[in-house]
A.B. asks: 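I'd like to ask you about the structure that follows.
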There are 4 protein chains.
Amino acid sequence: GMKILVSNDDGYQAPGLRCLAESLKQLGDVTVVAPERDRSGASNSLTLERPLRAHRVAPDVIRVDGTPTDCVHLAVTGFLDEEPDMVVSGINAGANMGDDVLYSGTVAAAMEGRFLGLPAIAVSLTSHQPQHFETAARVAVELIKRLREAPLPADTILNVNVPDLPWDALQGIEATRLGRRHKSEPVIRDTDPRDRTIYWIGPAGAEQDAGPGTDFHATRSGRASVTPIQVDLTRYNAIEAIARWLPPIGTLR
Amino acid sequence: GMKILVSNDDGYQAPGLRCLAESLKQLGDVTVVAPERDRSGASNSLTLERPLRAHRVAPDVIRVDGTPTDCVHLAVTGFLDEEPDMVVSGINAGANMGDDVLYSGTVAAAMEGRFLGLPAIAVSLTSHQPQHFETAARVAVELIKRLREAPLPADTILNVNVPDLPWDALQGIEATRLGRRHKSEPVIRDTDPRDRTIYWIGPAGAEQDAGPGTDFHATRSGRASVTPIQVDLTRYNAIEAIARWLPPIGTLR
Amino acid sequence: GMKILVSNDDGYQAPGLRCLAESLKQLGDVTVVAPERDRSGASNSLTLERPLRAHRVAPDVIRVDGTPTDCVHLAVTGFLDEEPDMVVSGINAGANMGDDVLYSGTVAAAMEGRFLGLPAIAVSLTSHQPQHFETAARVAVELIKRLREAPLPADTILNVNVPDLPWDALQGIEATRLGRRHKSEPVIRDTDPRDRTIYWIGPAGAEQDAGPGTDFHATRSGRASVTPIQVDLTRYNAIEAIARWLPPIGTLR
Amino acid sequence: GMKILVSNDDGYQAPGLRCLAESLKQLGDVTVVAPERDRSGASNSLTLERPLRAHRVAPDVIRVDGTPTDCVHLAVTGFLDEEPDMVVSGINAGANMGDDVLYSGTVAAAMEGRFLGLPAIAVSLTSHQPQHFETAARVAVELIKRLREAPLPADTILNVNVPDLPWDALQGIEATRLGRRHKSEPVIRDTDPRDRTIYWIGPAGAEQDAGPGTDFHATRSGRASVTPIQVDLTRYNAIEAIARWLPPIGTLR
């Protein structure tokens, strides 16, 4: 059977992860390697300055005192007895769409599975008070079943956002691009009880590009969005323009 | 004059940052907002679960108890009296090429400047015992001078890696793509002095795609590499294939 | 009934805490407020630079992202609907005897209960692979039963260490003083995988004063030790000598 | 000459530490080993779960990514070429009197010097906007000069609080006991910008026992207070009462 690694950024006890792991068991062997606590916003951060500790808290559940990326990194570089075939990350309690993806630990965990045999999938439910994790879990299951029939290239990363609806109310699954947000809301200045100034990162900006074809639009329309994600950050279509633009070394002397 | 924000991931006291900030003063007003300590490997992580604290340690130097992304986020969302025109991040002590870019706090700091009026630049010196920061600083200065003559789109991110050579030994500046590495070396298992198992993240993998056109190749050949970086992580050329591949909702019932 | 607050430094999921909380239910209402993760060695540290977060994970179990002292501090200063009558901390997996007490989060949690109506108790099992938590839990229960018959002053802190033995093998309960250790073993110098020097705190020193009357001696003899702990750190019997010794202010000019 | 180790809990860049280290140079060789950032409230906490890193930032100044206790522990267990003769900790920006001492990193750093050849001293200035560090530094110098004439037992810890006054306004130096505070002010409940509940530790309680003989009283009267501190936390005068009070083992069966 398939060996599926499940991780997330909300921590190994998060109900979204439990629902996902449970559902995926119908498809193969599931191992959870996930952060011991909430690491939302961790992006692809790797812990290099200190060692990590891992504790098996159930036969197939391991918690790690690190980031989502640390968890998957460990799991695919020798920590597990057998290398998994694919990584599924989530189900995040809250959307990971548009620019948010840059900061997302859920998507980062999936990216870290890019060297495995099957595409990696990040799954989020677009609500902060999620009620229908099982809808998102079923979308994940359907995508993996489809992968078995019609494989995609192994280094594919699928970023899946699912509206918080009962399965029967879901309007479809749509291939999308990431939308775009305006700049974040201003930093929030406050004082602590000892009268010192503190700053909270402000909320994400309003949607700027949220028209048809975007993940914002799909989920607002009741459809799950599936966005293929780039691991190679090169902006290929700009290389030539940069090459022409660069100051020639001769002029620099 | 131009208002330049300088940040990094090695911390506000790092010699690479000091060299960069000093050099950029010939081009405009420089403000440093940088992490209070080394945050290498922080990627685009944002601190959402606690407030940040900022301390002015010199008239134009502010240290923040957060990540590189936190620093630039604060600085461009209202923390400074005036919004800067551009972000320059670095000079990192060590290369940020190929897959490393995913984990890099230096590149993330530049990405966070994407909403400003001018392109953002991340600068790294390809040596862990750097000797020629002034070469990298001069490359940054030359790129910004060129931007003033021939502007690029504001949302451009340039990831610059400079060989650790005296300026006169530099062989040119090349527009490149990111190379690729093999999977990382295995996790390193060890025991702490209390006999408990610990795991260190292993070293980055060997170069896999490092041929002509890559940043690996350019710097190895004595040239500075300039790679345009994608902020929108959508893999556009895969959307259509995914659309055809997706299971039709009808089949899911 | 009595309202008992239970905390520890090994984290809210530790088996020692669970055993203790379960046993104390025969004596009154038990509420657990404990760190979300292992905070051994936290001493009396208080988190002042950031806010704390608390999550109710069961009707009577709350985890906090802080130190043992934070947990009890919150619980006795308004966080709970009703102020508890006493704090019982533990059961720690490992002894807290002699100089170790200075660093102990278990003992610190008890100290933070010093303003409540009943004495606070810290309970530890003197083994790092503990097998008989129920023995230590029963000692705690017996001490609290005794408190109900014959009250002690409210600001008393009892530091209890119990040998890891079945109840029937326990040789008694002894009022003790703290023993003393020699200086710690030397710091352990090592290098990380990136070839940078790191230092591990070395093991605690050997016992120096471990004769009859000490906690070391009692537990080695199969008895539980009960050491009354000082919250006021003044060394009263030295004040007069210091007064005579101090340089008179006149001589300082 | 004397080898003096200086540490603190405000971080190695704190002006109070710099003033102290500078003043002590008239008495011997001074080495600073101090936390890289503010660790106020750290108490005697020791870092056991990860290794520490140390960086020499000046010939006689080393910063460590740990607590005050970690810094002194390292320095006296083999990290320095030569073991120091005594530890002087401070000058803290703010008082460390009464119950505050339990939480103080400044006092903890001094306690960790208890195995050295000379008494350890913790020095604090009783103002949060300190102006007269040089007064506190001079008090420290005078105490150490006095120690050379009339030695005290090596394991003595002196907790010194100095009013924030010019030297000429200082009214004397007084041997004191620690005062006592009422319970802390209530926890401060708030919500973060994402609408989640957070808790700040409230301010210290009002003075309860602050009459003649206490550190509170001495400093309020313009005198520096010198309180001898107990490292052995045993409350000796309660042992006998506890012994009589304990349930006899026979009754437990």
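Computed from a prediction, not measured in an experiment: that's the story for all the values here. Lettering follows sequence order; numbering is per chain, from 1.
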A.B. asks: If I compare all heavy atoms of B/Arg146 with all of A/Leu246, which pair ends up nearest, and what's the gap?
C.D. replies: NE-C, 4.1 Å
A.B. asks: Would you indicate whether the side-chain heavy atoms of B/Asn159 and A/Arg235 approach each other to under 4.5 Å?
C.D. replies: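 SC-SC contact between A/Arg235 and B/Asn159 ruled out.
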A.B. asks: Which pair of non-hydrogen atoms, one from B/Ile239 and one from A/Arg177, has the smallest distance, and what is that distance?
C.D. replies: CD1-CB, 3.7 Å
A.B. asks: Does any non-hydrogen side-chain atom of B/Tyr199 lie less than 4.5 Å from one of A/Pro51?
C.D. replies: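 Counting from C-beta outward, A/Pro51 and B/Tyr199 never come under 4.5 Å.
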A.B. asks: Surrounding CD of B/Glu240 (heavy atoms of other residues, nucleotides or ligands, distance under 6.0 Å), is the total greater than 12?
C.D. replies: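 No, not enclosed.
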A.B. asks: So, the side chain of B/Trp245 versus the backbone of A/Leu152: is there a donor-acceptor pair under 3.5 Å, distance only?
C.D. replies: no
A.B. asks: Below 4.5 Å from any heavy atom of chain B, which atoms of A/Arg189 appear? Answer side chain, backbone, both or neither.
C.D. replies: side chain
A.B. asks: Is A/Ser43 reaching over with its side chain to a backbone N or O of B/Ser43, donor-acceptor style, under 3.5 angstrom?
C.D. replies: no
A.B. asks: Among B/Ile201, B/Ile198, B/Thr197, B/Val187, find the one that has a side-chain contact (heavy atoms from CB on, under 4.5 Å) with A/Leu52.
C.D. replies: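 The option that passes is B/Ile201.
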A.B. asks: Grab the two heavy atoms, one from B/Phe115 and one from A/Arg181, that are nearest each other, plus how far apart they are.
C.D. replies: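 Reported closest heavy-atom pair: CE2-O, 3.7 Å.
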A.B. asks: What's the verdict on salt bridge (Lys or Arg N to Asp or Glu O under 4.0 Å) for A/Lys183 and B/Glu83, showing C-alpha distance, side-chain angles and the deciding distance?
C.D. replies: CA-CA 13 Å; A/Lys183 192 166 72 173; B/Glu83 190 173 87; 2.4 Å; yes
A.B. asks: If you draw a 6.0 Å radius around CZ in A/Arg196, do more than 12 non-hydrogen atoms from other residues or ligands fall strictly inside?
C.D. replies: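 Counting neighbours around CZ of A/Arg196, 12 or fewer heavy atoms of other residues, nucleotides or ligands fall under 6.0 Å, so no.
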A.B. asks: Given the rule in the side-chain contact (heavy atoms from CB on, under 4.5 Å) test, do A/Val231 and B/Leu102 qualify, once you have shown the distances and angles that lead to the verdict?
C.D. replies: CA-CA 8 Å; A/Val231 170; B/Leu102 277 180; 3.9 Å; yes
